[in-house]
**Q** 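The structure under discussion is supplied below as structure tokens; questions concerning it will follow.
In this chain, residues are counted from 1 in sequence order.
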Amino acid sequence: MNLNSGNTPWQKTLEPVPSYPLLEGDIRCDCLIVGGGTSGAMTAYRLSASGADVVVIDKRTLGGGSSQANTGLLQVSNDKPLTSCIHTFGEAQGVLFYKLCQASLRNILKLQDKLDIDPRIHPCSSLLYASTAEDIPLLRQEHETLLAFGFDSEFWEKDRISSVYSFSKAAGLYSRGDAVTNPLRLLHGLMAKAASQGVRVYEHTEAKHYEFKDDGVICYTGNGRIFAKKVIFALGYETQEMKKDKGALLVNTYAIMTRPLPELPKWHERSLVWETARPYLYFRITPDLRIIAGGRDEPLTDPERREKRILTQGQRLLEDLQALFPEIQDPEIEFAWGSVFGTTHDGLPYIGAHPRFPHCYFIEGYGGNGTVYSMIAAELLSDTLAGKHRAELDLFSLTRSSKPSPPADPYGDITATI
């Protein structure tokens, strides 16, 4: 699957990029991770801390898939609001999902001091503004729901927003506790640390096919075999090509990064900015005063069509940015790209086992909060492989109903330590 088009910015921020060898020959391991993107790197890092014998393979270079199109947003709130999660899954599970996101984000923040490659993780706040006046009651309800369950939220009206931003919106939710990162540096920081703790990493090593045995899985590559007791598939959107029950709606999404600005516009606390419309626009600032704008989602097309759309969609994103911040004079796009983006039928990622793949687990962190989902998956699956029961996996089951009904019994305590 061709996941990206255009010119992504992150390669220039890490030079030289760490490289890993091609697998040649047969090897054995406790756990094979197939996929060297963000999910694979986080899981490898988490498993390496437990002393497990882990192998990671990627058919490309690490981060060569959808991770290179990641715009580095890390949030507690999701594409699916907490109020909607409660309506869909019930109070216990809806709140559990948001608590897991909150705990995982806090653990991502801790990585800043644990990795040898600086991941450039920076705490920040977020403004979610009402795209239309009709969205104001929904925002107010979400604000009340967030507060009721202990999440940070402030309901801002028009005057408050216009006093600290260049734009004026009828209402918005302002929250603290989010973050931004450089996704490529984060990925390589995690994998380099995992490798230093014994994880064997191989690039340009494609899994050709698998044999599922009673005691594990044999993975056949172009130059050898991997005998693994367990396999974790961290293939991102390419998992859609592997399973019949695909479970995701794929679209094209677009993003731009400007050249550095001489000075910032009126932009409170360099917060993330996004909106209630679906699909939505979003904006963030980099440490060197570049602006990233993303969105303009449209139906999935072939890569050639997506490539042709980058110029048009990039220009529209630049216009969206200037509509919010008109004092930015003649901003220039330095990077523009399009990529495959996916969501699930109910707004939650897929994490866990599948009945058709014995000894295997999947990480499908689909949605706008994919990096946070990767951290959730890394913890839940590493605990599972260590023999610890994590009831939270039921929430993310690959075989869950497409029309879930709120269950009666809540889950147990939430644990999130990395």
Side-chain angles (χ1 to χ4, degrees), residues 1-4 8 10-49 51-70 115-117 119 183-213 216-242 303 339-340 357 359-363 374 378 381 385:
M1 180 182 287
N2 187 324
L3 297 168
N4 305 306
T8 56
W10 307 115
Q11 292 289 118
K12 294 181 179 293
T13 68
L14 181 61
E15 296 180 344
V17 176
S19 61
Y20 298 88
L22 170 74
L23 173 64
E24 296 185 289
D26 294 350
I27 58 174
R28 296 181 179 273
C29 62
D30 292 333
C31 181
L32 167 64
I33 299 173
V34 183
T38 303
S39 295
M42 283 194 171
T43 307
Y45 171 80
R46 182 66 169 81
L47 286 170
S48 71
D53 182 14
V54 179
V55 169
V56 178
I57 62 171
D58 196 294
K59 67 180 181 181
R60 307 180 181 90
T61 57
L62 297 188
S66 58
S67 294
Q68 65 179 303
N70 190 325
L115 304 181
D116 298 324
I117 296 175
L184 185 71
R185 294 183 65 92
L186 173 62
L187 184 157
H188 277 287
L190 288 163
M191 199 67 85
K193 179 62 73 172
S196 73
Q197 296 177 159
V199 172
R200 290 170 283 170
V201 184
Y202 301 96
E203 294 180 317
H204 304 292
T205 301
E206 183 175 3
K208 301 293 187 179
H209 69 276
Y210 304 91
E211 285 187 22
F212 302 97
K213 303 292 188 179
V217 180
I218 304 174
C219 172
Y220 291 81
T221 73
N223 296 290
R225 297 173 297 176
I226 305 170
F227 298 84
K229 296 176 182 177
K230 302 290 182 182
V231 176
I232 295 175
F233 293 108
L235 296 168
Y237 300 124
E238 290 182 303
T239 307
Q240 300 301 294
E241 299 177 334
M242 185 176 182
S339 60
V340 175
F357 297 86
H359 313 295
C360 296
Y361 300 89
F362 289 81
I363 301 174
S374 295
L381 294 185
L385 292 179

**Q** What pairs with T13 under side chain to side chain donor-acceptor pair (under 3.5 Å), at least two apart in sequence or on another chain?
**A**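 Once residues adjacent in sequence are excluded, the partners of T13 under the side chain to side chain donor-acceptor pair (under 3.5 Å) criterion are N182.
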**Q** Among residues at least two apart in sequence or on other chains, which ones pass salt bridge (Lys or Arg N to Asp or Glu O under 4.0 Å) with K208?
**A**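 Partners of K208 under the salt bridge (Lys or Arg N to Asp or Glu O under 4.0 Å) test: E206.
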**Q** Using side chain to side chain contact (heavy atoms under 4.5 Å, CB included) as the criterion, list what pairs up with P21, not counting sequence neighbours.
**A** Y202
**Q** Return the CZ to CD1 distance between R200 and I27, rounded to the nearest 0.5 Å.
**A** 4.5 Å
**Q** Could you work out, with salt bridge (Lys or Arg N to Asp or Glu O under 4.0 Å) as the rule, every residue matching E24, not counting sequence neighbours?
**A** none
**Q** Check whether any side-chain heavy atom of Y45 lies under 4.5 Å from a side-chain heavy atom of L115, and answer yes or no.
**A** yes
**Q** Cut-off 3.5 Å, no hydrogens considered: what does the side-chain donor-acceptor table look like for residues 217-227, sequence neighbours left out?
**A**
| residue | atom | partner | partner atom | Å |
| --- | --- | --- | --- | --- |
| Y220 | OH | E211 | OE2 | 2.8 |
| T221 | OG1 | N223 | N | 3.3 |
| T221 | OG1 | G224 | N | 3.2 |
| T221 | OG1 | G224 | O | 2.9 |
| R225 | NE | D26 | OD2 | 3.1 |
| R225 | NH2 | D26 | OD2 | 2.6 |

**Q** Do the non-hydrogen side-chain atoms of L184 and Q68 ever get within less than 4.5 Å of each other?
**A**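 Sidechains of Q68 and L184: no contact.
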**Q** Who pairs with S48 by side chain to side chain donor-acceptor pair (under 3.5 Å), at least two apart in sequence or on another chain?
**A** Q197
**Q** Can you list the residues that meet the side chain to side chain contact (heavy atoms under 4.5 Å, CB included) rule with T43, with sequence neighbours excluded?
**A**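 In terms of side chain to side chain contact (heavy atoms under 4.5 Å, CB included), with neighbours along the sequence ignored, T43 is linked to I33, L47, I232, I363, A378.
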**Q** So, using side chain to side chain donor-acceptor pair (under 3.5 Å) as the criterion, who are the partners of E238 when residues are at least two apart?
**A**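 For E238 the side chain to side chain donor-acceptor pair (under 3.5 Å) partners, ignoring immediate neighbours, are K59, R60.
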**Q** Taking the side chain as every heavy atom from C-beta outward, state whether V17 and T61 have any atom pair closer than 4.5 Å.
**A** no
**Q** State, to 0.1 Å, how close L62 and E203 come at their nearest heavy-atom pair, and which atoms those are.
**A**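 The answer is N-OE2, 2.8 Å.
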**Q** Quick one: salt bridge (Lys or Arg N to Asp or Glu O under 4.0 Å) partners of R185, sequence neighbours excluded?
**A** none
**Q** What's the shortest heavy-atom distance between A228 and L32, and which atoms?
**A** CB-CB, 3.8 Å
**Q** Taking all non-hydrogen atoms of both residues into account, name the closest pair between D58 and G35 and its distance.
**A**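 Closest heavy-atom pair between D58 and G35: OD2-C, 3.7 Å.
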**Q** Which atom pair, heavy atoms only, marks the closest approach of V199 to A44?
**A**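 Closest approach of V199 to A44, heavy atoms only: CG2-O, 3.9 Å.
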**Q** Testing the basics here: between A207 and I57, what is the closest heavy-atom pair and its distance to 0.1 Å?
**A** CB-CD1, 4.1 Å
**Q** Between L385 and C31, which heavy-atom pair has the shortest distance, and what is it?
**A** CD1-SG, 3.8 Å
**Q** Looking at residues at least two apart in the chain, or sitting in another chain, which of them share a side chain to side chain donor-acceptor pair (under 3.5 Å) with N4?
**A**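 With neighbours one apart ignored, the set is empty.
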**Q** What pairs with A41 under side chain to side chain contact (heavy atoms under 4.5 Å, CB included), at least two apart in sequence or on another chain?
**A**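 Expected list: L187, L190, M191.
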**Q** What residues, two or more places apart in sequence or in another chain, satisfy ring-ring contact (aromatic ring centres under 6.0 Å, His included) together with F357?
**A**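 F357: ring-ring contact (aromatic ring centres under 6.0 Å, His included) contacts with F212, H354, F362.
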**Q** Does any part of the side chain of H359, heavy atoms only, come nearer than 4.5 Å to the side chain of Y210, both counted from C-beta?
**A** no
**Q** Only one of S66, S374, S67 clears side chain to side chain donor-acceptor pair (under 3.5 Å) with T38; which?
**A** S67
